[in-house]
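Single-structure report; data block below.
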Amino acid sequence: MVFLDIEMQGNVVVPPDQLDSKGLLLRKGIILRLLEDIASRKASKEHGYYIAVTTLNSVAEGRVQELTGSVVFPVSFKCITLKPCKGEILVGIVDKVLRHGIFLKSGPIENIFLSEKKMQDYKFIMTEDPSFVNDKQQSKMEYGSRVRFKVLGIKWMEWDRGFQMLATLAGDFLGPI
C-alpha cells in the first residue's frame, strides 16, 4: 500500500459550547473536530484511507451560523493516507472461509476476496473449522491465519466508503505465513 502525504482544505464546525475566548483552547477545539471529521470520512476514492492528520496549516476567520450559533472555520491541513495499488504484495488475516474462497482483512481494508480458483493446489476441507489445505507444502489456511497475497484488482465502493479487492496466490513466496 502506498502512503501519501496530502494537503486538504475543508470546513470545521465548532459548536458554541466548545468556543472559548482563549485562542489556544479554540485551536484545540478545531483540531478535535477536524480529527472527528476525518475519522467519520474513513476513505475516499482519490486519496485512499485517512490515517492521521499531521499538520494544521491554517485556520481562516470563522463565520457564525445564525440558527445554531456554531462557528464554521475554513482550514487547511496535511494528512497521511493509505491507498492500495494493483499488483502489490500484502499480508492479510483470514476472516471467513467459504467453499468458493477466503475473505481476508489487511489494515483498514476489510473486503479482500481470495477465490479458490486463485489458490493453486489448495483444497477446501469442510470440518468444524473449514479450511483450505495444500498437501504438497503441508500448509493450511483457516480463520485467523496470516496469508501473503498479491492484489489482482481494486474497486471503490461509495456506499461503504472503502475498497474491495481481489487477491491471488499466483507468484513466488505467496500463501500462508
Side-chain angles (χ1 to χ4, degrees), residues 1-98 101-114 141-167 177:
M1 288 186 234
V2 177
F3 286 95
L4 304 170
D5 188 20
I6 59 169
E7 187 163 334
M8 296 178 66
Q9 286 81 33
N11 291 322
V12 175
V13 179
V14 179
D17 60 335
Q18 292 183 358
L19 294 172
D20 192 83
S21 60
K22 297 177 183 137
L24 188 62
L25 292 178
L26 178 60
R27 190 167 179 87
K28 179 182 174 186
I30 291 170
I31 291 170
L32 290 175
R33 293 298 287 184
L34 179 60
L35 292 173
E36 288 174 13
D37 291 348
I38 288 295
S40 68
R41 277 189 208 172
K42 186 177 169 184
S44 74
K45 184 177 183 177
E46 180 184 358
H47 300 122
Y49 290 91
Y50 298 108
I51 304 298
V53 175
T54 56
T55 310
L56 182 60
N57 295 336
S58 67
V59 178
E61 190 171 319
R63 294 180 306 275
V64 176
Q65 293 178 330
E66 291 182 25
L67 295 175
T68 63
S70 297
V71 181
V72 179
F73 293 95
V75 296
S76 171
F77 60 96
K78 283 191 143 191
C79 183
I80 293 177
T81 64
L82 182 139
K83 189 167 184 183
C85 297
K86 183 178 176 181
E88 67 184 333
I89 307 296
L90 299 175
V91 174
I93 306 290
V94 176
D95 187 45
K96 289 182 195 166
V97 180
L98 306 170
I102 292 175
F103 281 95
L104 302 159
K105 291 182 177 183
S106 180
I109 304 170
E110 296 183 355
N111 292 316
I112 304 166
F113 183 67
L114 175 58
M141 291 183 282
E142 59 189 351
Y143 177 81
S145 298
R146 294 182 59 181
V147 179
R148 185 178 297 120
F149 62 92
K150 183 176 181 179
V151 178
L152 267 182
I154 302 169
K155 183 177 181 182
W156 168 252
M157 304 302 290
E158 185 65 43
W159 62 270
D160 190 32
R161 306 277 319 147
F163 293 91
Q164 288 186 344
M165 294 172 135
L166 289 177
I177 301 174

How far apart are the C-alpha atoms of Tyr143 and Asp95, what are their side-chain angles, what is the distance that settles it, and do they pass the side chain to side chain contact (heavy atoms under 4.5 Å, CB included) test?
-> CA-CA 6 Å; Tyr143 177 81; Asp95 187 45; 4.1 Å; yes
Would you give the length of the straight line joining atom CG of Leu90 to atom CD1 of Ile112, rounded to the nearest 0.5 angstrom?
-> 6.5 Å
From Leu35 CG over to Tyr50 OH, what is the distance, rounded to the nearest 0.5 angstrom?
-> 14.0 Å
Could you give me the CA-CA distance, side-chain angles and deciding distance for Ile6 and Glu46, then say whether side chain to side chain contact (heavy atoms under 4.5 Å, CB included) is met?
-> CA-CA 11 Å; Ile6 59 169; Glu46 180 184 358; over 6 Å; no
Atom pair CD1/OG of Ile177 and Ser145 - distance to nearest 0.5 Å | 10.0 Å
Worked check of side chain to side chain contact (heavy atoms under 4.5 Å, CB included) between Phe3 and Leu82 | CA-CA 5 Å; Phe3 286 95; Leu82 182 139; 3.3 Å; yes
Other residues, nucleotides, ligands: >12 heavy atoms within 6.0 Å of Glu66 CD | no
Partner residues of Phe163 under the ring-ring contact (aromatic ring centres under 6.0 Å, His included) criterion, sequence neighbours left out = Tyr49, Trp156
Nearest heavy-atom contact between Ala167 and Phe149 is CB-CD1, 3.4 Å
Would you say the side chain of Pro84 lies within less than 4.5 Å of the side chain of Val151, judging by non-hydrogen atoms?
-> no
Considering residues, nucleotides and ligands other than Glu7, do more than 12 of their heavy atoms fall under 6.0 Å from its CD?
-> yes
Below 4.5 Å, heavy atoms only, C-beta onward: do Val94 and Glu142 meet side chain to side chain?
-> no
Under the side chain to side chain donor-acceptor pair (under 3.5 Å) rule, what pairs show up with a residue in residues 33-43, not counting sequence neighbours?
-> Arg33-Glu36
Where do Ser106 and Gly92 come nearest, in terms of heavy atoms and distance?
-> CB-CA, 4.1 Å
Donor-acceptor pair, side chain of Ser44 and main chain of His47, under 3.5 angstrom = yes
Identify the heavy atoms of Leu152 and Lys86 that sit nearest to each other, and give their distance.
-> O-CE, 3.0 Å
At what distance, to the nearest 0.5 angstrom, does CE of Met141 lie from CZ of Arg146?
-> 14.5 Å
Could you tell me the separation between the CD atom of Glu110 and the CG atom of Asp160, rounded to the nearest 0.5 Å?
-> 8.0 Å
Which pairs of donor and acceptor atoms, one on a side chain in residues 9-16, lie under 3.5 Å apart (sequence neighbours left out)?
none

Rounded to the nearest 0.5 Å, how far does CD1 of Ile51 lie from CD1 of Ile38?
-> 11.0 Å
